[in-house]
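Accompanying notes for the structure given below.
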Protein chains: 2
Amino acid sequence: MIELELKHAALLREAQSRALPGIDTMRLCFQILALASTIDRACAQRLAPHGLSESKFVLLFLLRSEPNGLPPHELAHRAGVTRATITGLLDGLERDGLVTRNPDSVDRRKLIIALTEAGKVLAGDLFEEHTRWIASLFQDLDAPARQTLSTLLQRAWPEDAA
Amino acid sequence: MIELELKHAALLREAQSRALPGIDTMRLCFQILALASTIDRACAQRLAPHGLSESKFVLLFLLRSEPNGLPPHELAHRAGVTRATITGLLDGLERDGLVTRNPDSVDRRKLIIALTEAGKVLAGDLFEEHTRWIASLFQDLDAPARQTLSTLLQRAWPEDAA
DNA sequence: CCCTTATAGTACGGCGCCATACTAAAATCC
DNA sequence: GGATTTTAGTATGGCGCCGTACTATAAGGG
């Protein structure tokens, strides 16, 4: 059971006291935000004991299935962050001995990022564990309920809202 | 229509190729995360022209209905961040002339944060606009669909997942 | 072949967030 | 009433993220 965050509850109260329209869509929005940030927090908490953030875990995962490694800009694209952010994440992963930066033999602008042995082990262990955990979320919902929820989420976002 | 983030799509593909159980709950989880971060990004984008982050907006809003102001620790509690974070946000808001830090007349440890005139104007304008925007999200869903979605979200979170 | 443009990685500065640790002041407890 | 504990605000340092700007290299156009 997800509680709305205090700030959102306050916003909702104020809107309600002014009898503004769309109170229930606001509540819905805040419910989704609260659920997502609960998931994010739980995820971060699970990864912290391994010295990883969610982003670092994603990098390990992305590299896990690439024996030849990947250049930073490709990691940035696949992870959904900028190249500048990747630099910092790699600094940490390299410091912790999980990845190596190697020069590319043909394009001297590029680096090839690859997992170290320690990185491979950690990535392998965590993938299993993490996947099981994610799959365990929403286990209270049966298949039809999940299907309904998924469909509603698909329909939820208006095209022009961004 | 919300697309899964690349990183989540990759995770999903990998889980699928291994025929791991719970693929659809994973997809559901990633759908919610994608939707929430889309909302967060859109929100940030709407507030940026006013020189505000989402957190700063919340502070202005919280102070808007408190003519006597609030101390920082109370803002921290209501906004859902630590006192240390509030210090930084107030630094920015004070620099931009939106709030003032005043000493508390009875408890000399405390400060009283209050909106300036400019802060009141901005908070008033933005509250209307922002509320309308949030209420406009999910307008593609009719009332019964919103009700169903809300109920499913309520049921979604297992108690022991954190 | 040079000149321009695009790409790759990074440095730098800024924001938001936290944990930790510090100082001042209040509250509590003998 | 003096010592201890709690509370308030902040400083510091770290992480993750971004935009911007820089250097080196590659690719393309005349």
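Numbered from 1 within each chain, the chains take letters A, B, ... in sequence-line order. The structure presented is a predicted model; accordingly, all values stated were derived computationally and were not measured.
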Response to the item:
Taking dG19(D), dC15(D), dT10(C) as options, the one with an atom nearest any side-chain atom of Arg95(A) is dC15(D)

Item to complete: Write down the distance between CZ (Phe57(B)) and C1' (dG16(C)), rounded to a whole number of angstrom.
Response: 17 Å

Item to complete: Report yes or no: is the cationic atom of Arg64(B) (NZ for Lys, CZ for Arg) closer than 6.0 Å to the six-membered ring centre of Phe127(B), at no more than 45° off its axis?
Response: yes

Practice prompt. Quickly work out the Asp104(B) CG to dT7(D) P distance and round it to whole Å.
Written response: 17 Å

Item to complete: Would you tell me if any nitrogen or oxygen in the side chain of Ser53(B) comes within less than 4.0 Å of OP1 or OP2 on dC15(C)?
Response: no

Fill in: Arg83(A) side chain near dC18(D) phosphate (N/O to OP1/OP2, under 4.0 Å)
no

Worksheet entry | Cationic N near anionic O, under 4.0 Å, Asp140(B) to Arg146(B) | no

Worksheet item: Rounded to the nearest Å, what distance is computed from the NZ atom of residue Lys7(B) to the P atom of nucleotide dC17(D)?
Response: 7 Å

Worksheet item: Within the structure shown, what part of the strands sits under 4.0 Å from Arg101(A) by heavy-atom distance: base, sugar-phosphate, or nothing?
Response: sugar-phosphate

Worksheet item: Can a side chain N or O of His73(A) be found less than 4.0 Å away from OP1 or OP2 on dT7(C)?
Response: no

Worksheet item: Does the side chain of Gln147(A) pick up a donor-acceptor pair with the side chain of Thr151(A) at under 3.5 Å?
Response: yes

Item to complete: May I ask you to evaluate whether Thr87(B) reaches the phosphate of dG9(D), defined as a side-chain N or O under 4.0 Å from OP1 or OP2?
Response: no

Fill in: Residue mapping more 5' on DNA chain D - nearest nucleotide basis, Asp107(B) or Val81(A)
Asp107(B)

Practice prompt. Using whole Å, report how far CG of Leu90(B) lies from P of dC17(C).
Written response: 12 Å

Practice prompt. Would you please confirm or rule out a distance under 4.0 Å between OP1 or OP2 of dA26(D) and any side-chain N or O of Lys110(A)?
Written response: no

Worksheet item: Judged by modelled atom types alone, do Gln31(B) and Ser150(A) share a side-chain donor-acceptor pair under 3.5 Å?
Response: yes

Worksheet entry | Given dT10(D), dC17(C), dA25(C), the nucleotide with the shortest approach to the side chain of Thr85(B) | dC17(C)

Fill in: Thr82(A) vs dG19(D): side-chain N/O to OP1/OP2 distance below 4.0 Å
no

Discussion item. Expressed as a whole number of angstroms, how long is the span from Glu94(A):CD to dG9(C):P?
Written reply: 13 Å

Discussion item. Any carboxylate oxygen within less than 4.0 angstrom of a Lys/Arg side-chain nitrogen, looking at Glu66(A) and Arg78(A)?
Written reply: yes

Worksheet entry | N or O in side chain of Arg109(A) less than 4.0 angstrom from dA27(D) OP1/OP2 | no

Worksheet entry | Sugar-phosphate, base or nothing in reach of Leu89(A), heavy atoms under 4.0 Å | sugar-phosphate

Item to complete: Let me know the distance between NE2 of His50(B) and C1' of dC15(C), rounded to the nearest Å.
Response: 19 Å

Fill in: Arg41(B) CZ - dC18(D) P separation (whole Å)
10 Å

Worksheet item: Nearest-Å distance, CG (Leu93(B)) to P (dT10(D))?
Response: 13 Å

